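The structure appears right after this line, and notes come after that.
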Number of protein chains: 4
Amino acid sequence: MEMANYSNRQIEIINAATKLINGGGIQSLTTKALSESVGFSEPALYRHFKNKTEILSAMLQFYGQRLKEKINEIINDEGNGLFKLERIVKYQFDHFSRHPAIVMVIFAEASFQNDAMLSEKVKNLMSNKKSKVEAIIKMGQLDGSIRNDIDTEQLSPIFMGTMRFTILQWRMNHYKADLNHQGVELWETMHSMFAAENMK
Amino acid sequence: MEMANYSNRQIEIINAATKLINGGGIQSLTTKALSESVGFSEPALYRHFKNKTEILSAMLQFYGQRLKEKINEIINDEGNGLFKLERIVKYQFDHFSRHPAIVMVIFAEASFQNDAMLSEKVKNLMSNKKSKVEAIIKMGQLDGSIRNDIDTEQLSPIFMGTMRFTILQWRMNHYKADLNHQGVELWETMHSMFAAENMK
Amino acid sequence: MEMANYSNRQIEIINAATKLINGGGIQSLTTKALSESVGFSEPALYRHFKNKTEILSAMLQFYGQRLKEKINEIINDEGNGLFKLERIVKYQFDHFSRHPAIVMVIFAEASFQNDAMLSEKVKNLMSNKKSKVEAIIKMGQLDGSIRNDIDTEQLSPIFMGTMRFTILQWRMNHYKADLNHQGVELWETMHSMFAAENMK
Amino acid sequence: MEMANYSNRQIEIINAATKLINGGGIQSLTTKALSESVGFSEPALYRHFKNKTEILSAMLQFYGQRLKEKINEIINDEGNGLFKLERIVKYQFDHFSRHPAIVMVIFAEASFQNDAMLSEKVKNLMSNKKSKVEAIIKMGQLDGSIRNDIDTEQLSPIFMGTMRFTILQWRMNHYKADLNHQGVELWETMHSMFAAENMK
DNA sequence: AATGAATGAGACTTCATTCAT
DNA sequence: CATGAATGAAGTCTCATTCAT
């Protein structure tokens, strides 16, 4: 996975594209709309990206990278596994509530489906995150903070699925709720379910 | 929600559309592709549906209705709440593994976003299901089968999110895994987490 | 010009077509709209008319015939030429104010232009009427009621053009004015201009 | 009424559209025919006009503006009212005989009827011209050149209707007659009828 | 680096008409 | 006599992309 370095213009375009997609789905990301949104002409887009797919690809790279870095940071920081999970929940909910436009890109599995390359990229993003989460859970089970009566592979979809679902609902209700607050509540519940002390 | 009655031709079209969407996302549902897939000319589609949106709308109606009926049946059948949850998991995983084409329609939040009416329909479908699940959980908490140390509203997103995530992964891996088997494993875990006897 | 005899169904269709055209121009006369308006299916139209052109053709025939008969009646009745002109004005304004739907068909020169046959028919209708009016004017010039210092061929376009224009304006203002009243006023003026006693 | 400034390309398109309409009615103005006529592809039209309605709208604007300017010029020039009417007749007949393609656009009431905005524009064009003509007639009645025994409002439809009818007939006979010659004859007659000296 | 102009492909949809029943 | 189903042709318009300047 190449470590991309994006120019200012490219980042402008990525941001504009993100907003468009979040506002009206993939279908509203047209080169025309994008060029208007970013403030210069359509052909100019092609000076910064080879084609539309490359723009979408860059978006995924861009956000995926950030997420990966953050999770790595969390992994390497101090604290037991359970605490790390908590940090992931908090980070993500805070991040999304501050940048709602990103939500749809991260949740884009359905949208990119007609482009094998993009679809693959989304899949990688997700499985990447999943294996990181699993690593953390495993750590937690070893350090005694996370219950070990359930397999890691069984716990991770619960963690990830619940987060996704909460965010999805927030989006479908037009970002009205206080996502951070929901994150706090969600974590309380997850704590009850994941903490070692809750094993019977 | 009107109880629609679809003609044979309409159901043919709905099926063809479902397959197309599942194969390549909303973008691959064009009137041309649809007419080819169903075996007659493009204008003929318009004898059976007023326009493309109505086709998508019918798809949602069609699948939503079935799901609702099934859940109602489960609610009204015998058994405690925990058992009912189990039946939902089993039913859905079995249903999807037999009709993978439906997955994308049920998971279409992102896709329909540029059409307010469809978007609303998807949202209703989801919140409808969610409230049914919550009713079941509440029943389980009352009949003593489901732990009552966690609020119903906190348990439902765990249940629904986890299911969604599992199915989503199955789809992203091109339906290779045995979904039913995954359902069984998932249920074991859920049982550990939801059952009343597992409260500390 | 064949003396056509239209069946009841055909007349129903002609009436419906007339209303459609008057409501929204030729473009709103589609076989679909027509069949809906008349209350039976599209193919049924083809049992009564060979095709759409024949329907339009029948409309022109139908109204042209009536007009011709009426004018002939006026010609053959008693009274001098000036009086006959007056009767034409009164008849037409009264007729249109009672059947506004007909206006557009009679004024259809522009609409039928892409069909040579219909275009020719409209032209005949108009030139037919014009020559009748000229005959009346000539009669009036001979019987001393109409001024004879101006050629018949010069008077007729004034008569016909003014009538048309008045009706056109009435139509463009959505039939709001009292057409009969306008006819009376118009006639007063025409009388001043056409009557023999007004020659200098 | 905004003072529009059309690009060269836009004027090319307006001209081509005018010719098409005049040749075969509104129905023959298709984007395909227009693009062929103007020499580039259909989508290219949309770089110069937002949509087809805007093209028609521009045509009306374009011709209406010219007409208005000319009439204003005539109004402000020297000469009595009767002379001004004469100049209008001569100008129009000369103009149309040189640019027959314009006729249909100016006579388009019936054609544009299914588009409220265009219909309104045509109506304005006509009533605008009518009120200008009435202003001139009033001037003539005051300066003693035009008969004042008939109301201005009664004279204007005679003037306008007769002109329209003459031009209409010319068009229906496929522009065969010498329109300028007909204008001269028409004016002679109108002079007899409008001049003050012809009052009884 | 940027753009105005252009385009081939293809989207959805409507039209008049036909055919089997 | 009537219709449900179907269609070829054509309509308007949008898309991603290219090219000359």
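Just so it is clear, the model here is predicted, and its values are computed rather than measured. In the text below, chain A, chain B and the rest are named by the order of the sequence lines, each starting its count at 1.
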Margin query: If I take atom OH in residue Y46(C) and atom P in nucleotide dT21(E), what distance separates them, rounded to the nearest angstrom?
Written below: 22 Å
Next item on the list: May I ask you to test the L168(C)-V103(C) pair for a side-chain heavy-atom distance under 4.5 Å?
Entry: no
Checklist line | Euclidean distance, atom CZ of residue F49(A) to atom C1' of dA1(E) [Å, nearest integer] | finding: 15 Å
Check: Is there a side-chain polar atom (N or O) of T31(B) under 4.0 Å from OP1 or OP2 of dC12(E)?
Finding: yes
Checklist line | E42(D) vs T30(A), nearer the 5' end of DNA chain F by closest nucleotide | finding: E42(D)
Notebook entry, point to check: Taking for each residue the nucleotide of DNA chain F with the nearest heavy atom, is it S41(B) or P43(C) whose nucleotide lies nearer the 5' end?
Noted result: P43(C)
Notebook entry, point to check: Contact class for F40(D) vs. all strands (heavy atom < 4.0 Å): base, sugar-phosphate, or nothing?
Noted result: sugar-phosphate
Item checked: Donor-acceptor side-chain pairing of K121(B) and S57(B) below 3.5 angstrom -> yes
Next item on the list: Return the nearest nucleotide to the side chain of N51(A); candidates are dT7(E), dA6(F), dT17(F).
Entry: dT17(F)
Next item on the list: Could you check R47(A) against G39(D) and say which one's nearest nucleotide on DNA chain E is further toward the 5' end?
Entry: R47(A)
Checklist line | Distance, rounded to the nearest Å, where N8(A) contributes CG and dA1(E) contributes C1' | finding: 15 Å
Note to self: Are I102(C) and F107(C) packed together at the side-chain level, in the sense that at least one heavy-atom pair is separated by less than 4.5 angstrom?
What the structure shows: no
Check: Considering Watson-Crick and G-U wobble pairs with both distances under 3.5 Å, what does dG4(E) pair with?
Finding: dC19(F)
Item checked: Length of the line joining E36(A):CD and dG4(E):P, which is rounded to integer Å -> 12 Å
Margin query: OP1 or OP2 of dG4(F) versus the side-chain N and O atoms of H48(B): is any pair under 4.0 Å?
Written below: no
Check: Looking only at side-chain N and O atoms, does R9(A) come under 4.0 Å of OP1 or OP2 in dA2(E)?
Finding: yes
Margin query: Under 3.5 Å for both donor-acceptor distances, Watson-Crick or wobble: does dT14(F) have a partner, and if so which one?
Written below: dA9(E)
Check: For the pair made of CD1 in I13(D) and P in dT12(F), what is the distance, rounded to whole Å?
Finding: 14 Å
Check: Given atom CD1 of I26(B) and atom P of dC12(E), what is their separation to the nearest angstrom?
Finding: 11 Å
Item checked: Sidechain-backbone polar pair: Q61(B) side chain, A58(B) backbone, donor-acceptor under 3.5 Å -> no
Check: Contact class for L34(A) vs. all strands (heavy atom < 4.0 Å): base, sugar-phosphate, or nothing?
Finding: nothing
Notebook entry, point to check: Between dG8(F) atom P and K32(B) atom NZ, what is the distance in whole Å?
Noted result: 13 Å
Checklist line | Polar side-chain atom of S37(A) near backbone of A33(A) as donor-acceptor pair, under 3.5 Å | finding: no
Next item on the list: Would you mind reading off the distance between K50(A) atom NZ and dA16(F) atom P, rounded to a whole angstrom?
Entry: 16 Å
Margin query: By the 4.0 Å heavy-atom rule, please label L45(A) as base, sugar-phosphate, or nothing.
Written below: nothing
